[in-house]
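So that the names make sense, note that chain A is the first sequence line, chain B the second, and so on, each numbered from 1. As the structure is a prediction and not an experimental result, all values here were calculated from the model.
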Number of protein chains: 2
Amino acid sequence: MSALEVSKSLQTIDTSSLVDKVERKLIDLLISKDFKVGDSIPKELELADLLGVSRTVVREALTRLKTLGLIETKKKRGAVLTNPDLTGLLEKSLYPEIMDKNTLREIFEMRLALEIGMADFIMERVTPKDIEDLKAIVAHEPAIADQHLFQIEQEIKFHGKLYEISGNQVLKRFQQMLLPVFDYVHRSGLLKKMPKTKKFVSHRGLVEIIENGSAEMLRNAMRNHLENHFARIFE
Amino acid sequence: MSALEVSKSLQTIDTSSLVDKVERKLIDLLISKDFKVGDSIPKELELADLLGVSRTVVREALTRLKTLGLIETKKKRGAVLTNPDLTGLLEKSLYPEIMDKNTLREIFEMRLALEIGMADFIMERVTPKDIEDLKAIVAHEPAIADQHLFQIEQEIKFHGKLYEISGNQVLKRFQQMLLPVFDYVHRSGLLKKMPKTKKFVSHRGLVEIIENGSAEMLRNAMRNHLENHFARIFE
DNA sequence: AAATTGTATTATGTATTACATAATGCACAA
DNA sequence: TTGTGCATTATGTAATACATAATACAATTT
């Protein structure tokens, strides 16, 4: 037999550990729809018995599900199915210090896309109260954005409010979660230096548009407002 | 003492388990920057010894880190630090069947925002080859989008290609990952019925713009193209 | 000498047992 | 009825033993 024929006739062997298999089984069990959020699943010992493995293995598989946020465990009560908290999960594994540079840059890009793309949700859901809040936030800013881009806290406050207005919790928490990433990206020299700052749409300008303009206008204004960031990525 | 005074003098008790604490310690250890991706961390027994807990606890904490994608373990070699795969992680916990309705809707919204917001990246990075590919994909579509919105595979192919053009892996994998969610949302009756279909920008129209237009035009066209989805969310 | 095979070592993976601890329900007493 | 205490139960922690895979290194062969 040639080497090729050998490699053909030898299919890859399943190297998954016992825990892997048990984890899979458990997830299948959960998905099988007989279980709804809040239901408690069989006890560790029952599962161990049922699956013919030790409690150790079952526990390790359950630990994984717990880490993924699929279940929660309580003493005496056992494990109950929960709806997973995506953002919470990401948050737990998002350590800029140990992420590779490229992923960091891509996350940075994703934020820009989101801020522009959520214009419709902002315009649809903004309330008069929100407008007031925004005005209060930008009260002390100059009418034209320039070096102000560097005042991080102000940035966070303003854009955070926008996410809030979007009425989308996932988005909002996404932003919260990505803040450390932005901070890190800025400080790490990952991007090129901030280019000569031209005059762009300011926070005030954005508020004005949110109050009186359209989603389309807001998208364009936001794109312009973020020009500095785009410039650092492109070029 | 008044109830207020009592609640003041009684600080909340730390209910975190041993494993919780060990997990925290381990993460701190990793972050402390002495460790880089690829480095292996101390052996389970060493850690158990060092922290004064049993190997069981250490293992459970390590299992969590493994699940989060922060480390990988191999026999003999021990555990090595890895850069976490965010999308892979999300994928593992993303089961539409057990997620609550509201989160599903919000994720759906996020996709819309992303597709509109990534226009700049598409326009910046699209190649002639990409244009060819897009044209091939839409070759058999009518010039005006109507019921065609329902042809799921075509939708996936086209928009998937757009994500690819964006040159952002995180975005692309995000889309891959969210596909089951969209499918589920559509079928589950979570959103209102698809409204009377008007004529919107077709895939062909989008290609035309990508070839000859601007980022701004693409944003608007994409917004229009997605009108049906927006209409189902708003109203 | 180079390459392959065998072997010892080592660290993780799996199993078993024992006990601690917290939550729950029930019985009992004030 | 209310509250306290107790028994029960299932998870949390610990210790120990052995299995298994990866690695390095010695032994063997060419």
Side-chain angles (χ1 to χ4, degrees), chain A residues 1 3 6-7 10-27 29-30 35 37-82, chain B residues 3 6 10-27 29-30 35 37-82:
Chain A
M1 269 207 294
V6 169
S7 72
L10 278 182
Q11 44 233 338
T12 55
I13 292 178
D14 175 31
T15 61
S16 64
S17 69
L18 253 184
V19 178
D20 290 330
K21 297 191 184 77
V22 171
E23 182 191 6
R24 191 64 247 165
K25 280 251 183 199
L26 289 181
I27 289 182
L29 178 71
L30 299 188
F35 288 98
V37 170
D39 290 355
S40 52
I41 66 181
K43 313 307 168 196
E44 293 180 353
L45 279 175
E46 294 180 41
L47 289 172
D49 211 42
L50 231 60
L51 297 169
V53 297
S54 74
R55 187 179 157 218
T56 309
V57 173
V58 172
R59 268 188 73 79
E60 193 152 329
L62 287 176
T63 295
R64 293 188 186 176
L65 301 191
K66 241 187 303 184
T67 306
L68 291 174
L70 294 178
I71 60 172
E72 276 173 2
T73 58
K74 288 210 166 181
K75 295 193 181 182
K76 169 83 177 186
R77 183 92 165 279
V80 300
L81 190 54
T82 66
Chain B
V6 169
L10 278 181
Q11 44 231 341
T12 54
I13 292 178
D14 175 32
T15 61
S16 64
S17 70
L18 251 184
V19 178
D20 290 330
K21 298 193 184 77
V22 170
E23 182 192 6
R24 192 62 248 166
K25 280 250 183 200
L26 289 180
I27 289 182
L29 178 71
L30 299 187
F35 288 97
V37 170
D39 289 355
S40 53
I41 67 181
K43 313 309 168 196
E44 294 179 352
L45 279 175
E46 293 180 43
L47 289 173
D49 212 40
L50 231 59
L51 298 170
V53 298
S54 75
R55 188 179 158 220
T56 309
V57 172
V58 171
R59 270 189 71 78
E60 194 153 327
L62 287 175
T63 295
R64 293 187 187 175
L65 299 191
K66 242 187 302 183
T67 307
L68 291 175
L70 294 178
I71 61 172
E72 276 173 3
T73 59
K74 288 209 166 182
K75 293 192 181 185
K76 170 84 177 180
R77 184 89 164 279
V80 300
L81 190 54
T82 66

- How do A:G52 and A:R77 order along DNA chain C: which one's closest nucleotide is nearer the 5' end? A:G52

Is there any protein nitrogen or oxygen under 3.5 Å from a nitrogen or oxygen in nucleotides 4-8 of chain D, and what are the pairs?
from, atom 1, to, atom 2, distance (Å)
D:dT8, O2, A:K76, NZ, 3.4

- Task: For residues A:I41 and A:L26, determine if any side-chain heavy atom of one lies less than 4.5 Å from a side-chain heavy atom of the other.
- Result: no

- Task: Enumerate the residue pairs fulfilling side chain to side chain donor-acceptor pair (under 3.5 Å) with a member in residues 46-55 of chain B, sequence neighbours excluded, ordered by first and then second residue.
- Result: B:E44-B:R55

- Item | Trace of the side-chain contact (heavy atoms from CB on, under 4.5 Å) decision for A:R59 with B:T56 | CA-CA 11 Å; A:R59 268 188 73 79; B:T56 309; over 6 Å; no

- Message: At a heavy-atom distance below 4.0 Å, what parts of residues 54-73 of chain A sit against DNA chain D?
- Response: A:R55, A:R59, A:K66, A:T73

Which side-chain N or O atoms in residues 70-78 of chain B pair as donor and acceptor under 3.5 Å with protein atoms at least two apart or in another chain?
none

- Message: To check you understand the geometry: which heavy-atom pair defines the closest contact between B:S16 and B:K21, and what is its length?
- Response: O-NZ, 3.1 Å

- Query: Do the side chains of B:T63 and A:T67 get nearer than 4.5 Å, heavy atoms only?
  - Reply: no

- Task: Would you please name every residue forming a side chain to side chain donor-acceptor pair (under 3.5 Å) with A:D20, sequence neighbours left out?
- Result: A:S17, A:R64

- Which heavy atom of B:F35 sits nearest a heavy atom of B:P42, and at what distance? CZ-CD, 4.3 Å

- Considering all heavy atoms of both residues, which atom of A:A61 and which atom of A:V22 are nearest to each other, and what is their separation? CB-CG1, 3.7 Å

- Message: From CD of B:E44 over to P of D:dA14, roughly how many Å is that when rounded to an integer?
- Response: 14 Å

- Going 5' to 3' along DNA chain C, which nucleotides are the first and last within contact of chain B (any atom under 4.0 Å from a heavy atom)? C:dT9 to C:dT14

- Message: Under a 3.5 Å distance rule, please check whether B:T82 uses its side chain to pair with a backbone N or O of B:G69 as donor and acceptor.
- Response: yes

- Query: Whole Å only: how far is the NZ atom of B:K74 from the P atom of D:dA21?
  - Reply: 13 Å

